[in-house]
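Below: the structure, in structure tokens.
Atoms within a ligand are numbered from 1 in the order they appear, just like the ligands themselves.
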Amino acid sequence: MERLTSPARLMIVSDLDHTMVDHHDPENLSLLRFNSLWEHAYRHDSLLVFSTGRSPTLYKELRKEKPLLTPDVTIMSVGTEITYGNSMVPDHGWVDALNHKWDLGVVKEETGKFSELTLQAETEQRPHKVSFYVDKSKAQEVAKELSQRLEKRGLDVKIIYSGGMDLDILPQGAGKGQALAYLLKKLKSEGKLPVNTLACGDSGNDAELFSIPDVYGVMVSNAQEELLKWHAENAKDNPKVIHAKERCAGGIIQAIGEFKLGPNLSPRDVSDFLECKVENVNPGHEVVKFFLFYERWRRGEVENSEAYAASLKASCQPGGVFVHPSGAEKSLIDTIGELRKHHGDKQGKKFRVWVDQVLATETAPGTWMVKLDKWEQSGDERIGCTTTVKFTAKEGEGLVWEHVEQTWSEESKLKDDSSWII
Ligand code: GLC
Ligand code: MG
């Protein structure tokens with residue numbers, strides 16, 4: 001969070017399964033639309049927070065399966081674990097606060113007496129979260145009985161039912177809502193309370209997110225029955241919470257627009273980039289658009305025209321160098337020129353490109369260094385490169401690409417890299 005020196009313009013706090021991630025969309029289109037919007041318009045001055053019921057183990061698995069961006073803050077295990085940054089540094093202060101009237105041994109002992117409860121996988125049992133599956137028809141009754149028994153044993157717990165099947169038991173002070181309130185308080189104490197916060201969710205464990213004061217909320221169109229019921233009973237008159245018409249990440253984009261929280265046109269929804277050339281003054285935008293163009297080029301979704309090739313070459317510095325992740329140095333213009341022969345080579349194939357953590361720094365007046373992670377999914381293989389691009393602003397020409405350098409991401413090192421272009 002130290003990345004930002006002033007309050008975030010927007011902080012998005014989003015659930016993952018069936019909210020950011022649409023498990024019914026094998027192409028991940030709405031997620032990819034959100035990703036390019038975020039990197040294009042928000043990454044530099046806003047905060048992305050993922051708030052999931054998953055444990056760190058299952059969260060990391062999801063990151064491998066889906067094209068998820070890297071969040072600034074990761075809240076896992078239904079608001080019982082908070083970590084910061086890429087290296088996921090845990091917030092120990094938060095954990096300490098959760099020990100109040102909580103005893104894992106007692107929770108396990110009491111829940112063991114209910115035959116209706118089926119324990120979830122071992123990875124999902126956490127120091128401040130005990131999770132089961134329970135039939136929809138039994139959920140309410142079991143939760144009521146259990147909460148009375150635990151109270152008698154001196155505990156103060158919260159029982160949450162999600163997705164019509166999951167039952168989580170947490171300390172009373174835990175949960176996604178409390179974790180968000182804690183985060184907001186922390187940011188406020190640093191003088192960095194976000195200008196706007198948008199909470200996004202689809203199921204029971206997200207309900208709390210929508211009762212935090214001054215926070216906008218979106219329940220995606222595909223929200224679960226238990227969340228819609230909670231909303232009807234508790235937050236129906238709150239104009240800051242909407243039920244979107246669009247599914248998953250599409251609903252998040254819709255909410256950004258409806259609440260007027262900032263730009264809501266994803267670069268993926270723009271079909272012709274040559275047309276928006278004039279506004280190109282931000283080097284971060286340049287990179288997002290280039291790699292999107294690159295995806296469309298190889299998928300054969302843009303015309304193989306001289307105009308595109310010429311426009312790309314014109315934005316490269318003559319003599320500019322490209323350092324391929326293999327270490328080979330090439331001419332930047334030649335590399336772009338080579339793209340011509342790859343037009344449509346991924347047509348009809350599973351091929352997607354996305355960028356993550358695009359950050360631009362002005363190193364001298366008119367000179368910019370943009371750092372980002374570029375990812376390429378081809379069939380079931382995913383490879384990524386840390387990329388730096390040096391740009392200079394040239395009078396009348398806009399931004400010119402001067403130097404591009406790439407190095408393999410940790411997980412891509414051992415893969416076959418011979419087909420990587422840029
Ligand atoms: C995730 C977790 C699970 C939890 C559920 C609802 O699926 O893996 O343990 O019960 O979210 O919070
Ligand atoms: Mg969910």
Worksheet item: Out of the N/O/S atoms in Asp17, what is the name of the one closest to the Mg ion (ligand 2)?
Response: O

Discussion item. Tell me the protein heavy atom at minimum distance from atom 9 (O) of ligand 1, and give that distance in Å.
Written reply: Gln120 OE1, 2.5 Å

Response to the item:
of all protein heavy atoms, closest to atom 4 (C) of ligand 1 is Asp168 OD1, 3.4 Å

Discussion item. Does any N or O of ligand 1 fall below 3.5 Å from an N or O anywhere on Ser55, backbone included?
Written reply: no

Worksheet item: Looking at atom 8 (O) of ligand 1, what's its closest protein heavy atom, distance included?
Response: Glu124 OE1, 2.6 Å

Worksheet item: More than 12 foreign heavy atoms under 6.0 Å from CD of Gln148: is that the case here?
Response: yes

Worksheet item: Would Glu376 and Lys346 pass as an ion pair if we require N to O under 4.0 Å?
Response: no

Worksheet item: Pick from Leu184, Asn196, Asn238, Val13: which one makes a side chain to side chain contact (heavy atoms under 4.5 Å, CB included) with Val215?
Response: Leu184

Worksheet item: Within the side chain of Ser46, is there an N or O that forms a donor-acceptor pair under 3.5 Å with the backbone of Arg43?
Response: no

Response to the item:
Residue, atom and distance of the protein heavy atom nearest atom 11 (O) of ligand 1 read Gly53 CA, 3.5 Å

Discussion item. Please check: side-chain N/O of Ser55 versus main-chain N/O of Glu124, any donor-acceptor pairing under 3.5 Å?
Written reply: no

Discussion item. For the residue pair Ser51 / Asp15, report whether a side-chain donor-acceptor contact shorter than 3.5 Å exists.
Written reply: no

Practice prompt. Could you please compute the angle at the Mg ion (ligand 2) from OD2 of Asp15 to OD1 of Asp202, rounded to 10°?
Written response: 80°

Worksheet item: Nearest to atom 7 (O) of ligand 1, what protein heavy atom do you find, and at what distance?
Response: Asp166 OD2, 4.2 Å

